[in-house]
Amino acid sequence: MAATLSALRSLMSSHNPPLDALVVPSEDYHQSEYVSARDKRREFVSGFTGSAGVALITMNKALLWTDGRYFLQATQQLSGEWKLMRMGEDPALDVWLVDNLPSDAAIGVDPWCVSVETAQRWERAFAKNQQKLVQTSTNLVDEVWKNRPSAEANPVVVHPIEYSGRSVTDKLKDLREKLTHARAHGIIFTALDEVAWLYNIRGSDVSYCPVVHAFAIVTINSAFLYVDKRKVSSEVNSALKENGIEVRDYSAVSSDVVLLASAGQLDLSSAVKGNGTKEEENKNDFIWVDSGSCCYALYSKLNSDKVILQQSPVALPKALKNPVEMEGLKKAHIRDGAAVVQYLVWLDKQMQEIYGAGGYFVEGDGANKKKKSETMKLTEVTASDKLESFRASKEHFRGLSFPTISSVGPNAAIIHYSPEAETCAEFDPGSIYLFDSGAQYLDGTTDITRTVHFGKPSAHEKACYTAVLKGHIAMGNARFPNGTNGHTLDILARIPLWKDGLDYRHGTGHGIGSYLNVHEGPHLISFRPRNVPLQASMTVTDEPGYYEDGSFGIRLENVLIIKEADTKFNFGEKGYLSFEHITWAPYQTKLINLSLLAPDEIDWLNTYHSKCRDILASHLDQSELAWLKKATEPVSA
């Protein structure tokens with residue numbers, strides 16, 4: 001780590017102009033949350049493996065900013081050369097730079113790895129102290145990363161309409177209508193899931209996300225896909241061409257953005273006939289760019305006076321699931337729920353056989369029992385591998401949707417913990433076990449969290465679990481008028497925790513893709529404001545939690561769909577919305593203090609468990625179904 005920092009500082013000194021600081025973001029050229037191995041630059045320089053954060057290197061300091069999900073993990077992973085900066089508690093990166101570096105300081109960043117929105121915010125902050133943001137012509141981290149993984153040529157595949165539910169032609173027609181309405185001649189897409197959704201393609205360039213490393217440009221008349229051509233078979237190329245899409249080299253996007261900025265020049269270069277007209281084209285002279293996802297490098301090639309900086313016009317259509325996508329998501333979650341139940345049955349048996357634990361149903365104090373088997377052991381990694389094998393046996397399985405969070409005891413307090421085979425914990429019948437996991441299926445993406453205990457949970461653990469469950473139920477039962485955003489609803493999941501002075505440092509819910517990214521916007525349910533109203537046909541997770549550092553963590557998560565609510569009245573003629581659960585797996589009643597649940601909460605739990613039995617029954621064998629029936633027996637206070 002010290003050698004890497006030294007090498008970077010040497011490059012910073014010799015840079016023209018010399019750099020006083022270098023920013024190393026987590027993101028790739030497409031502002032992705034999850035990136036390929038060769039794009040993990042921030043991880044390479046800092047040693048911190050979390051999915052979110054930004055590193056800053058000056059001539060005598062190295063700092064890393066990350067959010068509350070990763071405070072504990074970063075503390076454990078950062079070496080002595082690094083200082084952790086807690087987002088929301090410590091000064092933000094731009095504020096720190098203004099306060100700690102001299103005026104006229106030059107702060108370098110690779111403009112491909114930072115969004116327009118972030119770069120402009122930094123520039124405004126730096127200008128207050130006559131500091132400047134310098135766009136480096138090369139990525140300095142790449143220059144010192146000697147064993148950087150090479151690029152892979154994974155094939156592009158067409159995502160059939162039987163799963164996508166909408167044709168490319170229909171999507172492009174809708175998009176071009178929006179461009180015309182906004183007086184835009186064209187739009188640049190850099191977000192990988194937007195390119196995949198718009199062109200109905202999928203790939204495997206990023207672990208856990210079925211996307212392709214590609215850019216797209218769509219004009220009134222033409223459509224282009226910028227990708228390593230080795231990935232595109234003749235069949236896929238033909239399918240794209242039939243939809244009016246021309247395939248060009250990945251690197252050609254830079255020069256083509258320059259042509260795009262020169263009215264009509266990019267269309268003149270197209271070899272594929274589009275659907276627009278010259279009359280339409282001449283009325284439109286703006287370029288649409290999403291400032292949150294477009295990289296600063298491409299934006300810098302445009303005339304800023306002719307740029308529309310707005311949220312991508314496909315972000316909302318992608319989030320609003322069509323009937324085919326909705327049906328696919330429901331089916332995928334049923335198969336996924338069956339895999340989770342099969343895993344719990346297996347885990348229950350293993351904990352009893354190997355550790356002499358009381359098990360899933362019995363509050364036996366296995367913590368002090370002698371381990372039954374000295375030759376066998378169960379670890380966070382071997383258990384998560386078993387869970388993956390249950391999912392892999394299901395129809396349409398294509399892989400996991402994120403690295404499984406399989407966490408025992410104190411590790412469960414690390415919100416986005418990722419176990420490693422060499423260092424992971426062994427199971428302990430006296431400790432809580434939290435697993436947050438999901439899968440990619442051709443017909444949908446899943447994400448579920450359950451927290452269990454195979455010994456005797458303490459009264460405090462039960463009280464905390466019950467508070468989390470109450471918040472989870474409250475969110476799922478919410479009814480709210482059209483126009484309500486997720487920030488407004490977030491409090492519902494926290495109130496039961498707040499009553500006891502407890503809370504959690506993450507949002508309560510995120511959208512989920514349709515065989516796409518497990519985290520999907522533009523909406524959120526979070527303490528962080530985001531003024532995107534929730535709408536019918538969106539998906540969103542419901543995942544409150546509570547974490548005690550060094551002791552345990554609890555989280556419960558289901559995927560919900562938003563639908564129109566059948567209310568007695570309709571005040572303001574707004575129309576009202578509600579949620580519907582599509583995740584099916586039991587909550588461990590042993591961990592619930594039933595005396596803390598209200599009668600309507602007990603009714604909800606019993607009804608949900610009854611649906612679990614009915615929906616999953618045909619997907620389980622006789623012994624698994626018997627276990628599920630026991631796990632979902634009605635409860636009372």
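A salt bridge links Asp205 with Lys231: at least one charged nitrogen is closer than 4.0 Å to a carboxylate oxygen. Lys318 and Glu520 are joined by a salt bridge, as a carboxylate oxygen and a charged side-chain nitrogen come within less than 4.0 angstrom of each other. The pair Arg121-Glu123 does not count as a salt bridge, with every side-chain nitrogen at least 4.0 angstrom from each carboxylate oxygen.
Judged purely by distance below 3.5 Å, without hydrogens or angles, the side chains of Glu246 and Ser222 never pair a donor atom with an acceptor atom. Side chains of Asp490 and Thr508: a donor on one and an acceptor on the other come within 3.5 Å. For the residue pair Lys171/Asn200, the side-chain donor-acceptor check at 3.5 Å is satisfied. Side-chain contact annotation: Thr49 with Gln73, donor-acceptor N/O pair under 3.5 Å present. For the residue pair Tyr417/Asn411, the side-chain donor-acceptor check at 3.5 Å is satisfied. A donor-acceptor contact closer than 3.5 angstrom links the side chains of Gln440 and Thr445.
Using a distance-only test at 3.5 Å, with no hydrogens or angles considered, no donor-acceptor pair links the side chain of Arg42 to the main chain of Glu27. A donor-acceptor distance shorter than 3.5 angstrom exists from the side chain of Arg38 to the backbone of Pro149, with no hydrogens or angles considered. Panel note: side chain Thr75, backbone Phe71; a donor-acceptor pair is recorded below 3.5 Å. The backbone N or O of Ser526 lies less than 3.5 Å from a partner atom in the side chain of His487, making a donor-acceptor pair. Under a 3.5 Å cut-off, the side chain of Ser401 and the backbone N or O of Tyr208 do not form any donor-acceptor pair. Side-chain N or O atoms of Asn517 include none that pairs as donor or acceptor with a backbone N or O of His519 at under 3.5 Å. Of the possible polar contacts, none joining the His416 side chain to the Arg69 backbone as a donor-acceptor pair under 3.5 Å is found. Under a 3.5 Å cut-off, the side chain of Gln131 and the backbone N or O of Ile107 do not form any donor-acceptor pair. In this structure a side-chain-to-backbone donor-acceptor pair under 3.5 Å is present from His30 to Thr190. With hydrogens and angles disregarded, a donor-acceptor distance shorter than 3.5 Å links the side chain of Glu380 to the backbone of Ala425.
Of all heavy-atom pairs between Ser293 and Gln31, the closest is O-CG, 3.0 Å. Across all their heavy atoms, Asp542 and Pro544 have their closest contact at OD1-CD, 3.4 Å. Taking both residues in full, the closest heavy atoms of Leu309 and Ser291 are given as CD2-CB, 3.8 Å, listed atom of the first, atom of the second, then distance. Closest heavy-atom contact between Tyr34 and Pro403: CE2-CD, 4.3 Å. Across every non-hydrogen atom of Ala421 and Cys424, the tightest pair is O-SG, 3.9 Å. Summarising the geometry of Ile308 relative to Ala184, their closest heavy-atom pair is CD1-CB, 4.0 Å, with the distance given to 0.1 Å.
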Check the pair Leu97 / Phe126 against side-chain contact (heavy atoms from CB on, under 4.5 Å), numbers first and verdict last. CA-CA 8 Å; Leu97 283 164; Phe126 299 161; 3.6 Å; yes
What's the verdict on side-chain contact (heavy atoms from CB on, under 4.5 Å) for His523 and Met538, showing C-alpha distance, side-chain angles and the deciding distance? CA-CA 9 Å; His523 57 295; Met538 283 179 169; 3.6 Å; yes
Given Phe48 and Tyr70, is the ring pair (Phe, Tyr, Trp, His ring centres under 6.0 Å) satisfied, shown in steps? CA-CA 9 Å; Phe48 168 63; Tyr70 293 112; 5.6 Å; yes
Between Asp67 and Arg505, does a salt bridge (Lys or Arg N to Asp or Glu O under 4.0 Å) hold up when you go through it step by step? CA-CA 8 Å; Asp67 62 51; Arg505 287 191 180 102; over 6 Å; no
For Tyr515 and His159, run ring pair (Phe, Tyr, Trp, His ring centres under 6.0 Å): C-alpha distance rounded to whole Å, both residues' side-chain angles, the deciding distance at 0.1 Å, then the answer. CA-CA 9 Å; Tyr515 186 41; His159 192 48; 5.4 Å; yes
Yes or no on side-chain contact (heavy atoms from CB on, under 4.5 Å) for Leu84 and Thr66, after CA distance, side-chain angles and deciding distance? CA-CA 8 Å; Leu84 171 62; Thr66 192; 3.8 Å; yes
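Between the CG atom of Asp39 and the CZ atom of Arg148 there is a distance of 6.0 Å, given to the nearest 0.5 Å. To the nearest 0.5 Å, the span separating OG1 on Thr219 from CG on Asp267 amounts to 3.5 Å. For the atom pair Leu11 CG and Leu22 CG, the distance stands at 9.0 Å (nearest 0.5 Å). Separation of atoms CG (Asp436) and CD (Glu557) is listed at 5.0 Å; rounding is to 0.5 Å. Between atom CD of residue Glu81 and atom OG1 of residue Thr4 there is a gap of 9.5 Å, rounded to the nearest 0.5 Å. To the nearest 0.5 Å, the span separating CD on Glu388 from CG on Leu400 amounts to 4.0 Å.
Counting heavy-atom neighbours within 6.0 Å of Lys306 NZ, excluding the residue itself, gives a total above 12. The number of heavy-atom neighbours closer than 6.0 Å to CD of Gln135, taken from other residues, nucleotides and ligands shown, is above 12. In this structure, Lys83 places its NZ atom where only 12 or fewer heavy-atom neighbours from other residues, nucleotides or ligands lie under 6.0 Å away. More than 12 heavy atoms of other residues, nucleotides or ligands lie within 6.0 Å of CG in Asn60, so this atom counts as buried by the packing criterion.
Looking only at side-chain heavy atoms (C-beta outward), Asp256 and Arg248 come within less than 4.5 Å of each other. Between Pro91 and Trp65 there is no side-chain heavy-atom pair separated by less than 4.5 Å. No side-chain heavy atom of Val157 sits under 4.5 Å from any side-chain heavy atom of Val236. Contact annotation: the side chain of Ser514 never approaches that of Ile512 to less than 4.5 Å [non-hydrogen atoms, C-beta and beyond]. Between Ile414 and Gln76 there is a side-chain heavy-atom pair separated by less than 4.5 Å. A 4.5 Å side-chain heavy-atom check between Leu524 and Val532 finds every atom pair outside the cut-off. Contact annotation: the side chain of Val227 approaches that of Val247 to within less than 4.5 Å [non-hydrogen atoms, C-beta and beyond]. Residues Glu177 and Asp174 form a side-chain contact, since some pair of their non-hydrogen atoms from C-beta on lies under 4.5 Å apart.
Aromatic rings of Phe189 and Phe215 (six-membered ring for Trp) have centroids beyond the 6.0 Å cut-off, not under it. A distance below 6.0 Å separates the ring centres of His506 and Tyr547.
The aromatic rings of Phe44 and Trp145 lie parallel to each other, with less than 30° between the two planes, well short of the 60° mark. Using cut-offs of 30° and 60° on the angle between ring planes, the pair Tyr299 and Tyr296 is parallel.
Both the sub-6.0 Å distance and the 45° axial angle are not jointly satisfied by Arg494 relative to the ring of Phe527. Remark: Arg183 is not positioned above the aromatic ring of Phe286, lacking an NZ or CZ atom under 6.0 angstrom from the ring centre and at most 45 degrees off the axis.
Sorted by first then second residue, the side-chain hydrogen bond (donor to acceptor under 3.5 Å, both in side chains) pairs that include residues 88-105, not counting sequence neighbours, number zero. Within the structure, side-chain hydrogen bond (donor to acceptor under 3.5 Å, both in side chains) contacts touching residues 7-20 (residues at least two apart or in different chains) do not occur.
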